[in-house]
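What follows is one structure encoded as structure tokens, with my remarks underneath.
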2 protein chains.
Amino acid sequence: MPATLRPSPLAEPSQTLSHRIRTDLEAKILSGDWAPGHRIPFEHELMAQYGCARMTVNKVIAGLVAAGLIERRRRAGSFVAQPRIHSAVLRIPDLPVEIAARGETYRYQLIARKRRPVRQDDPAGLADEEGVEVLELTCLHYANGRPLALEQRLISLSTVPGAAEVDFAAVAPGSWLLQHVPWTEAEHRISARAATARVAEALGVTKGAACLCLERRTWRSGETVTHVRQLFRGDAYDLVARFSPQG
Amino acid sequence: MPATLRPSPLAEPSQTLSHRIRTDLEAKILSGDWAPGHRIPFEHELMAQYGCARMTVNKVIAGLVAAGLIERRRRAGSFVAQPRIHSAVLRIPDLPVEIAARGETYRYQLIARKRRPVRQDDPAGLADEEGVEVLELTCLHYANGRPLALEQRLISLSTVPGAAEVDFAAVAPGSWLLQHVPWTEAEHRISARAATARVAEALGVTKGAACLCLERRTWRSGETVTHVRQLFRGDAYDLVARFSPQG
DNA sequence: GATGCATTAATGTCTATACATATTCTGCCG
DNA sequence: CGGCAGAATATGTATAGACATTAATGCATC
């Protein structure tokens, strides 16, 4: 095979050269042909193999590094990375969107809205200083007229003073925050909990029923924006995460 | 400020130019200065601003695209992406490692191991053809001597014939698969379930107690590798996912 | 006003070259 | 044999130019 003879770009418009190189390398790695730790060919070898410039090979490998498939060491070469098997991209859907996508009708109901100083028993990290005010919201998300999730939320009024002016009667706080407050970091905690009497009543399930609890805390440059706890009816909601190494 | 006057590389070794451009753009986006949907400067404008070649700007923006911060449209320009707020990187820890990291002792117990043909009521997609054999495993993971998770697993023996030779008495099937079988795709499903009588007995909880159910299916080039369902004691286990936009 | 076409501007890809930087390797010397 | 200086080499970054591709734009036509 004359490796350096490359068809003209016009003769092969199906894919770009970069794309072909990337696909080839990914295939070698994902098939297990090149095991983790294996040294892949040097840039100059790939240049010769594909008959292209070094920048082309370099950009491809840089992409694979960004995707976590390859690690590089100067002078030593490029190596297949140890697979980070235990990480997955979890999509936590916007409830109105998700419910609509399932062909069900969405309804939102505000149950309580209170402005108050932060307390000791509030989730940690909401405010370091005393006297900071928070907005405490309780609301229900319905799918097809049945309660799906009970949401309890605290919004830091020092980080998001604008939230004090919103009544959240029509728009869910999650949706409002998404559109008004940028964030830099978030943490999710997923657990299973038995419904307390209060939760059971709100969700229309029996006391002690299994609920999926999703807690999310969001920061903006180190300042807490919001803390939210959503309790889903366990019989009605799953979180799904799908992952393939290249993203 | 003479924007096109750039210090010589030797005079400013603190960071590379690409890195500075990237940091600047990220700051504009994450601070909310450039809201989602905002058109960022054209490549030729950034070239002029930083006094560099177009490839330099291009590589930076390509990185931001890969990171999901920016979307590009030919002729139209580059735009700040709508934040995919609801996607997070979920780390699903290796149980022995995770438990050890918490300072607890880990123990593994194989409860059942059976080789049998695939059945109709097995999870879909395990095998398209009839007569394919699977390895069915049931095992328990202990933390500090107390049951933490009940695991039920099916391994496709057509995809992973080597698994038939392993007895899984000492090594957990998850750990074995990690080290022996590469994978290309995985799907996770997280839900809350009430413990059945059988599950309750295995985990040492009362019947009906809330359990966190983690189902994972793994493929290799379209062929199912394994399907696993882990039921965690709801009072003893949370999944945690932490996410920041740049990864 | 609606439709179709040519123009144009911005991104997408690639080349050939250059120098910087880090690290491995080699061989010399004690 | 061990340690150290220097050579060799692979990656890291950047440049200036070229042409391809695509989609918004405005203009001419129906």
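Everything numeric here is computed off the predicted structure, so don't read it as measured data. Quick note on labels: first sequence line is chain A, next is B, and so on, each numbered from 1. Hydrogens, waters and symmetry mates are skipped; everything else that's a heavy atom, side chains included, is used.
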### Message
Check whether A/F42 forms a cation-pi arrangement with A/R39 (NZ or CZ under 6.0 Å from the six-membered ring centre, at most 45° off the ring normal).
### Response
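Yes, A/R39 lies over the aromatic ring of A/F42.
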OP1, OP2 of [N] versus side-chain N and O of [X]: anything below 4.0 Å?
{"X": "A/H44", "N": "D/dA10", "result": "yes"}
{"X": "A/T56", "N": "C/dT13", "result": "no"}
{"X": "A/S78", "N": "D/dA10", "result": "no"}
{"X": "A/R72", "N": "D/dT11", "result": "yes"}

Nearest to the side chain of [X], which nucleotide is it out of [options]?
{"X": "B/F42", "options": "C/dT24, C/dT11, C/dT15", "answer": "C/dT11"}
{"X": "B/R74", "options": "C/dG12, C/dT15, D/dT11", "answer": "C/dG12"}
{"X": "A/T16", "options": "C/dT13, C/dT17, D/dT11", "answer": "C/dT13"}

Mind calculating the distance between [atom1] ([X]) and [atom2] ([N]) to the nearest angstrom?
{"X": "A/M55", "N": "D/dT11", "atom1": "CE", "atom2": "P", "result": "14 Å"}
{"X": "A/R22", "N": "C/dG12", "atom1": "CZ", "atom2": "P", "result": "15 Å"}
{"X": "B/L17", "N": "C/dA18", "atom1": "CG", "atom2": "P", "result": "21 Å"}
{"X": "A/N58", "N": "C/dA18", "atom1": "CG", "atom2": "P", "result": "17 Å"}
{"X": "A/H19", "N": "C/dT13", "atom1": "NE2", "atom2": "P", "result": "9 Å"}
{"X": "A/K59", "N": "C/dT13", "atom1": "NZ", "atom2": "P", "result": "7 Å"}
{"X": "B/M47", "N": "C/dA10", "atom1": "CE", "atom2": "C1'", "result": "13 Å"}
{"X": "A/I61", "N": "D/dT13", "atom1": "CD1", "atom2": "P", "result": "13 Å"}

### Message
Whether the side chain of A/R54 and the base of D/dG12 hold a donor-acceptor pair under 3.5 Å is what I'd like checked.
### Response
yes
### Query
Any donor-acceptor pair under 3.5 Å joining the side chain of B/R75 to the base of C/dT8?
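Yes, a donor-acceptor pair under 3.5 Å.
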### DNA chain C: 5'-proximal contact among A/A53 and A/A76 (nearest heavy atom)
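The 5'-side residue here is A/A53.
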### B/S158 side-chain N/O to B/V132 backbone N/O, donor-acceptor pair under 3.5 Å
no
### Task
Look at the rings of A/F168 and A/W176 and say which category their plane angle falls in: under 30° parallel, 30 to 60° tilted, over 60° perpendicular.
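Ring orientation, 0 to 90° scale: perpendicular.
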### Query
Taking 4.0 angstrom as the limit, do A/R72 and A/E43 come out as a salt bridge?
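Answer for the salt bridge query: yes.
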### Query
Quick one: are B/L95 and B/F232 in side-chain contact, heavy atoms under 4.5 Å?
yes
